[in-house]
Amino acid sequence: FCEFMKITILGSTGLLGKTLYKEGKKRNLKINGISRKNKKFVFDFRKTKNLINFLNINKPNIIINAVGIVDIDKCQNNPNLAYKINALPLKFLAEYTKKEKIKLIQISTDHFFSDKKNMKHSEKSKVKILNIYAKTKYQAEKFTKINNNHIIVRTNFTGFKNEGNMKTFIEWVIENSKKKIALFDDYFCSTIDVKSLANFILDLLNTNFKGIINIGSSSISNKKKFAEKFIKKLGIKNIKIEKKSVKTLSTKRANTLGLKVDLIEKTIKKKMPSINKVINNLFKEYKNDVCKKI
């Protein structure tokens, strides 16, 4: 399929969008990106006419939507804004891509589960909506399905943005690694490094897969253990991480986000990395890329 792919990434300056663009270019794919910060192609996701005009001119055959407000408290405090950015545009996008016979990839979330701590959820597991963020992302999934030729990726990832005030989880951990910090020991997920995630998504585009698919690490860790392992990898001793409960947060959220990854492994014929491998990947990226820029 590769030589026929013409990919447009929506939200190309976000962590995943930026990484997809970079990894796609390494594969010599025809790939472009638009976002509200992109100097070349600027757009506001709420202005659908502008977006449709852009797509009519560029004529991609695959659209990856990586746009979204991921700040859970911000979504909770601004439900209308969350709906207008996280959900509503997918209705127009799905209708447009269906009409134009374009494959639509929606980047969703794993914030749908709240049960046993180390439980792995399959693509068919029952969804539990606990906040506005999850509600808007689930609504986006429903809209995406208007176009039968779709992939909905449920995932949880981290990596290095190297910019702005909004730090990623791993950037926050590094910044605070020598301080006394508190992290959740009752918040479990299958976090994957963004570079691996981007490459698995690009691999997926080389298949005929349609539907919902989980992409994450093959194992589950709570946030506290994940941070401890990474800080040890940095060579910092006497780590001072206190236990904190996710139940203390003002916005109620799902906390057992483990994902079953058999389907993605079977589809692209590759193994998903374990949490230890994810930490090694992040450490390698930090040493090779991030440290050189500091």
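All residue numbers refer to positions in the sequence shown, counting from 1. Quick caveat: nothing in here was measured; it's all calculated off a predicted structure.
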Any side-chain heavy-atom pair from [X] and [Y] closer than 4.5 angstrom?
X	Y	result
Asp262	Met272	no
Thr144	Ile146	no
Lys74	Leu81	yes
Thr191	Ser221	no
Lys128	Phe113	no
Lys120	Ile220	yes
Lys103	Asn61	no
Val173	Ile231	yes

Evaluation steps, side chain to side chain contact (heavy atoms under 4.5 Å, CB included), between Leu10 and Phe54:
CA-CA 11 Å; Leu10 308 182; Phe54 173 88; 5.9 Å; no

Closest heavy-atom pair and its distance - [X], [Y]:
X	Y	value
Ser274	Ser218	CA-OG, 3.4 Å
Thr19	Ala198	CG2-CB, 3.9 Å
Ala134	Ile129	O-CD1, 3.8 Å
Ser12	Gly33	OG-C, 3.2 Å
Lys98	Asn147	N-ND2, 3.7 Å
Leu130	Ala254	CD1-N, 3.5 Å

Consider only side-chain N and O atoms of [X] and [Y], and report whether a donor and an acceptor are under 3.5 Å apart.
X	Y	value
Lys229	Asn276	yes
Thr97	Glu100	no
Tyr83	Asn78	no
Asn280	Lys233	yes
Asp193	Ser196	yes

Side chain of [X], backbone of [Y]: donor and acceptor closer than 3.5 Å?
X	Y	value
Thr136	Ala87	no
Thr168	Gly159	yes
Asn214	Ile264	no
Lys18	Lys161	yes
Asn176	Lys179	no
Thr155	Ile215	yes
Lys137	Ile107	yes
Asp110	Gly258	no

Would you say [X] and [Y] are hydrophobically clustered, going by side-chain heavy atoms of ILVMFWY under 4.5 Å?
X	Y	value
Ile132	Tyr138	no
Leu204	Ile212	no
Ile241	Ile275	yes
Leu202	Ile192	yes
Val278	Leu257	no

Salt-bridge contact Glu242-Lys180 (side-chain N to carboxylate O under 4.0 Å):
yes

Check ion pair Glu23-Lys26 (N to O, under 4.0 angstrom):
yes

Which residues pass the ring pair (Phe, Tyr, Trp, His ring centres under 6.0 Å) test with His150, not counting sequence neighbours?
none

Ile64 vs Thr8, side chain to side chain contact (heavy atoms under 4.5 Å, CB included): CA-CA, chis, key distance, verdict
CA-CA 6 Å; Ile64 304 175; Thr8 291; over 6 Å; no

Yes or no on side chain to side chain contact (heavy atoms under 4.5 Å, CB included) for Asn65 and Leu90, after CA distance, side-chain angles and deciding distance?
CA-CA 9 Å; Asn65 176 38; Leu90 271 303; 3.3 Å; yes

As a quick check of understanding, evaluate salt bridge (charged side-chain N to carboxylate O under 4.0 Å, His left out) for Glu141 and Arg154, giving each step before the final call.
CA-CA 10 Å; Glu141 288 193 2; Arg154 288 183 179 166; 2.8 Å; yes

For the atom pair [atom1] ([X]) and [atom2] ([Y]), what is the distance rounded to the nearest 0.5 Å?
X	Y	atom1	atom2	result
Thr109	Ile72	OG1	CD1	7.0 Å
Thr251	Asn131	OG1	CG	7.0 Å
Lys91	Phe143	NZ	CZ	6.5 Å
Lys277	Ser217	NZ	OG	12.5 Å
Phe157	Leu16	CZ	CG	4.5 Å
Thr13	Ile34	OG1	CD1	11.0 Å

Going by atom type alone, with no hydrogens or angles, which donor-acceptor pairs under 3.5 Å involve a side-chain atom of residues 181-190 and a protein atom two or more places apart or on another chain?
unit_1: Asp186; atom_1: OD1; unit_2: Val246; atom_2: N; d: 2.9
unit_1: Asp186; atom_1: OD2; unit_2: Ser245; atom_2: OG; d: 2.6
unit_1: Asp186; atom_1: OD2; unit_2: Val246; atom_2: N; d: 3.4
unit_1: Tyr187; atom_1: OH; unit_2: His111; atom_2: NE2; d: 3.3
unit_1: Ser190; atom_1: OG; unit_2: Leu259; atom_2: N; d: 2.9

Indicate the ring-plane relationship of Tyr286 and Phe230, choosing parallel, tilted or perpendicular according to the 30° and 60° boundaries.
perpendicular

Quick one: do Arg253 and Asp73 satisfy salt bridge (charged side-chain N to carboxylate O under 4.0 Å, His left out)? Show the steps, please.
CA-CA 10 Å; Arg253 62 196 72 196; Asp73 291 332; 3.5 Å; yes

Under 6.0 Å from the [atom1] atom of [X], do we count more than 12 heavy atoms belonging to anything else shown?
X	atom1	answer
Lys284	NZ	no
Lys135	NZ	no
Lys243	NZ	no
Lys195	NZ	no

After noting the C-alpha distance and the side-chain angles of Thr256 and Met119, does the key distance pass the side chain to side chain contact (heavy atoms under 4.5 Å, CB included) rule?
CA-CA 7 Å; Thr256 55; Met119 188 170 170; 5.6 Å; no

Identify which one of Lys225, Lys224, Lys232 satisfies the side-chain hydrogen bond (donor to acceptor under 3.5 Å, both in side chains) criterion when paired with Glu228.
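For Glu228, the side-chain hydrogen bond (donor to acceptor under 3.5 Å, both in side chains) check succeeds only for Lys224.
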
